[in-house]
**Q** 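Before I ask anything, let me first share the structure, which is written out below as structure tokens.
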Amino acid sequence: MTVRTRFAPSPTGYLHVGGARTALFSYLFARKHGGQFVLRIEDTDLERSTAESVNAILEAMTWLGLEYDEGPFFQTHRFERYNAIIETLLEKGLAYRCDCSKERLETLREQQMAQRLKPRYDGHCRGQAIDPDRPHVIRFKNPVDGVVVVDDLIRGRIVFANAELDDLVIRRSDGAPTYNLSVVVDDADMGITHVIRGDDHINNTPRQINILRALGYEPPRYAHVPMILGDDGARMSKRHGAVSVIAYRDQGYLPEALLNYLVRLGWSHGDQEIFSLEDMIAAFEISDVNRAASSFNTDKLDWLNQHYLQHADPARIARLLSPHMGRLGIDPAAGPDLSSVVQAQAARAKTLTELAEISAFFYRDFETFDEAAAKKHLRPVARDGLERLRAAFELMAYEDWTLAGLKHVVEGVAEELGCALGKVAQPLRVAIVGRAASPGIDETLLLVGKEATLRRIDRALAFIAARAERD
RNA sequence: GCUCCCUUCGUCUAGUGGUUAGGACGCUGGCCUCUCACGCCGGUAACAGGGGUUCGAAUCCCCUAGGGAGCGCCA
């Protein structure tokens, strides 16, 4: 039997990191075992499902590179099928109509809570003949005794007593099937062999197994993965900043970094930290997934993102960086080759957004000098060095404007002045960059170009002069 | 309240009866150095608590505590 897994989000919002990890695990498991991964949209809740959410989920899956072999399937397209199944259940006496009022159910619930019991439907309509033409729901007739055993691939054996379960609604009064029914029918129809999902579904599992059995299907294997908590250990929510996969993309994270981060949340392979998708597929074992929830840690994600920024193909990073430059109002075509900038700067940024920010000076003159940097380096004592550098740069032919040529000039001036390289390079750096941090001075000058270099040295000299006068 | 799940450094984790409890992020000391990063070397810090079982428990059993999920005509 070939392995088939599925990812089944409900389109009531964007794809969040928890869902993305569940999708990743399902994907890895299918790929690992030569099986198929299917995407199914669980949109039976007509009220809350939206087309925008569907698009957002598909966009996120594509960005992450989690390719599905089949789908997306939509449950709303399969209502006929669900209803046929429900009819069968009704005919076989495995389900029944119920017209209990909301008030009755509410009262029942209150009574049970008062008696310290678990609120459950009491089976009031079980044996009754309910008029099919009047408003009603349909409930599944859950076994009243015995147990349901779930041999979870991650948690091991979990046993539920049927006495704890009740007769759940499988069709609403508006005729729409409910989650527990549609999920079961779909998993069976789609030949899903392994259901990998969040552990918030553990308690649904015995109900679903009971329905599956009533229908004569063999239940799939289940693997319940723990949830992901926010930085503070509380449940992930909007107040934890980005929870949406797309938000991470927009903030300048690389898909391989997010995937690598996510796969290590609840799963590990010895001491290995860096995993390509191929590595993950090769090493992934569902039984190695942890049982405990884990907290999302942005610092570690940043570390991974920086790692991939440094090691990925600079040309590709340049393409991804381009829109972030545009967002700063910069046209990358109007300056040095972006790939060269990436190579010079990648080790200095944690995200593409940050990479764009620290690279803006290659493309346009900065607004103001960093105060601390200017105070420390743009002082009268630096004037002589800057003037000599300016003169030397001005005399350089464009073909001499190379790493070696620039290095030679800067070192030469330091030698003339009989001082350390830093005494000359730092004022120059602040003059060119506006602050005290940048790639090597030769590399910086090379990319900034001769014209901007001369212009900015003049500006720095004017700044020093103005300052001398003021003091 | 009931049912189910979970518990190793701050965080992610390794560990399956005998380890100086390992790695990673973070933090931190140093090296490198024209700056900032990167990189390299070092440090910091954990078995929730209590009972057993055993010659010996992070590892097996029980209890307690703490955390989470479910208990919908949501998924």
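Order of the sequence lines fixes the chain letters, A, B, ..., with proteins taken first and strands second; residue numbering starts at 1 for each chain.
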**Q** Can you identify which nucleotide, out of B:G39, B:C34, B:C5, has its nearest atom closest to the A:Gln310 side chain?
**A**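 The listed nucleotide nearest to A:Gln310's side chain is B:G39.
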**Q** Does A:Tyr261 have any side chain to side chain donor-acceptor pair (under 3.5 Å) partners at least two apart in sequence or in another chain, and if so, which?
**A** none
**Q** Sort out the partner of B:G1 for me: Watson-Crick or G-U wobble, both distances under 3.5 Å, none otherwise.
**A**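 Across any shown strand, B:G1 pairs with B:C71.
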**Q** Report yes if a side-chain nitrogen or oxygen of A:Arg109 is closer than 4.0 Å to either non-bridging phosphate oxygen (OP1 or OP2) of B:G72; otherwise report no.
**A**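 Indeed, a polar side-chain atom of A:Arg109 lies that close.
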**Q** Checking A:Tyr96 now: which residues fulfil side chain to side chain donor-acceptor pair (under 3.5 Å) with it, not counting sequence neighbours?
**A**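 Listed in chain order: A:Asp167.
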**Q** I would like to know whether A:Asp186 and A:Arg40 meet salt bridge (Lys or Arg N to Asp or Glu O under 4.0 Å); could you show each step before the answer?
**A** CA-CA 9 Å; A:Asp186 283 347; A:Arg40 184 172 74 221; 3.5 Å; yes
**Q** Tell me, please, which residues at least two apart from A:Arg213 pass salt bridge (charged side-chain N to carboxylate O under 4.0 Å, His left out).
**A**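 Listed in chain order: nothing, the list is empty.
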**Q** Using atom P of each nucleotide, how far apart are B:C9 and B:C5 to the nearest Å?
**A** 22 Å
**Q** Are the charged groups of A:Glu42 and A:Arg6 less than 4.0 angstrom apart, N to O?
**A** no
**Q** Going by the rule side chain to side chain donor-acceptor pair (under 3.5 Å), which residues pair with A:Arg429 if we only count those two or more places apart in sequence or in a different chain?
**A** A:Gln426, A:Ser438
**Q** For a quick test of reading the model: is some side-chain N or O of A:Thr178 closer than 4.0 Å to OP1 or OP2 of B:A75?
**A**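 For A:Thr178, the contact criterion (side-chain N or O under 4.0 Å from OP1 or OP2 of B:A75) is not met.
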**Q** Of all residues at least two apart in sequence or in a different chain, which pass the side chain to side chain donor-acceptor pair (under 3.5 Å) check with A:Thr205?
**A** A:Arg197, A:His224
**Q** Give me the distances for all protein-to-nucleotides 1-4 of chain B N/O pairs that come in under 3.5 Å?
**A**
| unit_1 | atom_1 | unit_2 | atom_2 | d |
| --- | --- | --- | --- | --- |
| B:G1 | O2' | A:Arg116 | O | 2.4 |

**Q** Under the rule for side chain to side chain contact (heavy atoms under 4.5 Å, CB included), what residues qualify as partners of A:Thr402, not counting sequence neighbours?
**A**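 Listed in chain order: A:Ala404.
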**Q** Remember a base hit wins even if backbone is also touched, and classify A:Arg48 as base, sugar-phosphate or nothing at under 4.0 Å, heavy atoms.
**A**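 Base contact.
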**Q** If the condition is salt bridge (charged side-chain N to carboxylate O under 4.0 Å, His left out), which residues does A:Glu106 pass it with, not counting sequence neighbours?
**A** none
**Q** Distance between the C1' atoms of B:G67 and B:C25, in whole angstroms?
**A**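 So the two C1' atoms sit 23 Å from each other.
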**Q** Mind checking what makes salt bridge (charged side-chain N to carboxylate O under 4.0 Å, His left out) contact with A:Arg291, not counting sequence neighbours?
**A**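 Applying salt bridge (charged side-chain N to carboxylate O under 4.0 Å, His left out) to A:Arg291 gives none.
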**Q** Pull out every protein N or O sitting under 3.5 Å from an N or O of nucleotides 18-23 of chain B, one pair per line with the distance.
**A**
| unit_1 | atom_1 | unit_2 | atom_2 | d |
| --- | --- | --- | --- | --- |
| B:G22 | N2 | A:Asp271 | OD1 | 3.2 |
| B:G23 | N2 | A:Arg264 | NH2 | 3.4 |
| B:G23 | N2 | A:Glu273 | OE2 | 3.1 |

**Q** Closest to the A:Ser295 side chain: B:C38, B:C73, B:U11?
**A**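 Among the listed nucleotides, the one closest to the side chain of A:Ser295 is B:U11.
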**Q** Confirm from the modelled atom types if A:Asn204 and B:A75 form a donor-acceptor pair under 3.5 Å, side chain to base only.
**A**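 Under the 3.5 Å cut-off, the side chain and the base do form a donor-acceptor pair.
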**Q** Let's see if you can work this out: which of B:C34, B:A69, B:A75 has an atom nearest to the side-chain heavy atoms of A:Leu421?
**A** B:C34
**Q** Between the base of B:C12 and the side chain of A:Ser294, is one N or O donor paired with an acceptor at under 3.5 angstrom?
**A** no
**Q** Looking only at heavy atoms, what is the nearest atom pair of A:Arg155 and A:Val225, with distance?
**A** NH2-C, 3.8 Å
**Q** Nearest to the side chain of A:Ala292, which nucleotide is it out of B:C6, B:A75, B:A24?
**A**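 Taking heavy atoms from C-beta onward, the closest nucleotide is B:C6.
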**Q** Regarding A:His377, tell me which of base, sugar-phosphate or nothing describes its non-hydrogen contacts under 4.0 Å with the strands shown.
**A** nothing
**Q** Between B:A14, B:A75, B:C12, which nucleotide gets closest to the side-chain atoms of A:Leu265?
**A** B:C12
**Q** Under 3.5 Å, side chain of A:Lys118 to main-chain N/O of A:Leu165, donor-acceptor pair present?
**A** no
**Q** Listed in order of residue number, which residues of residues 131-153 of chain A have a non-hydrogen atom at under 4.0 Å from RNA chain B?
**A**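 Hits under 4.0 Å, by residue number: A:Val137.
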**Q** Of all of residues 436-449 of chain A, which get a heavy atom below 4.0 angstrom from RNA chain B, listed by number?
**A**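 The stretch gives A:Ala436, A:Ala437, A:Ser438, A:Pro439, A:Gly440, A:Ile441, A:Asp442 as the residues lying under 4.0 Å from the strand, ordered by number.
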**Q** Check the phosphate of B:C5 against A:Arg291, side-chain N and O only, distance under 4.0 Å to OP1 or OP2. Yes or no?
**A**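 No, no such contact exists.
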